[in-house]
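In listed order, ligands and their atoms are each counted from 1. One-based numbering along the sequence shown.
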Amino acid sequence: MLDNKKIAEVIKRLKVAMRHLPDPSVTLVGKKFKSPFLVLISCLLSLRTKDTTTLPVCEKLFAGIKTIDGFLNTPVKELEKLIYPVGFYKTKARRIHEICYDLKHRFDGKVPDDLDQLLTLKGVGRKTANLVLTEGFGKLGVCVDTHVHRISNRLGYVKTKNPHETEFALRKKLPTRYWIEYNALLVTWGQNVCKPISPLCSMCPVNRICERHNVDVSR
Ligand code: SF4
């Protein structure tokens, strides 16, 4: 198993290698708009949708609507059109309205900066809640999506069966100074190099450290 000295080296090398690669869409929204609310909306839009689709939709949408009331004043049917072609756009338009209503009436118009409270919002799971904390508030959280789960296991840093287990394994093992950046690093790495099928190990700067668990085919 990879120890914390080795994961520190992995993170250092990935940060250098990633300088020329774009951040994930939610990270970009966080940096550009500095709004936990818009990070939350972009997280919802990004679920089961590629970043190349999510980002242009967010840019266009947030140019016109930036507030809870702005979304509530936009009819669901209109919102559907605005967020098309993100995946499940009809369900997401309805869900965004429900969440905005909840934020306005239960949370005084503010996105809570607490994991347990975020999880009480309909349609908000651990991945979204953790990402709102890290990218929206700059607070500690461990957001594990399919890329983070897959790469953490390939590296040999954790040995887990699903993203839920990975989150709790990382919470125990990963030093807190890496919690905020770990998600964006591994998501970008997973989209570009350590792909689900046939990762590009021959050009990977951590291929001498990585234990390459469950990697049968690589390039
Ligand atoms: S060496 Fe291969 S499996 Fe390991 S992190 Fe790099 S691309 Fe992924």
Chemist: Could you go step by step and tell me if Phe37 and Phe62 meet the ring-ring contact (aromatic ring centres under 6.0 Å, His included) rule?
Modeler: CA-CA 11 Å; Phe37 173 63; Phe62 300 156; 8.1 Å; no
Chemist: May I ask you to establish whether Lys6 and Tyr157 are in a cation-pi arrangement, using a distance under 6.0 Å from NZ or CZ to the six-membered ring centre and at most 45° from the ring axis?
Modeler: no
Chemist: Please list all pairs meeting salt bridge (Lys or Arg N to Asp or Glu O under 4.0 Å) that have one or both residues in residues 196-216, counting only residues at least two apart or in different chains.
Modeler: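 As it turns out, there is no salt bridge (Lys or Arg N to Asp or Glu O under 4.0 Å) pair with a partner in residues 196-216 once direct neighbours are skipped.
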Chemist: Closest approach of Glu167 and Val142, non-hydrogen atoms and distance?
Modeler: CG-O, 3.4 Å
Chemist: Are a donor atom and an acceptor atom from the side chains of Arg150 and His147 found within less than 3.5 Å of each other?
Modeler: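 On atom types as modelled, these side chains qualify, holding a pair under 3.5 Å.
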Chemist: Given a threshold of 2.8 Å, state how many protein N/O/S atoms are nearer than that to atom 4 (Fe) of ligand 1.
Modeler: 1
Chemist: Can Lys50 and Ser25 be counted as having a side-chain donor-acceptor contact under 3.5 angstrom?
Modeler: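 No, no side-chain donor-acceptor contact under 3.5 Å.
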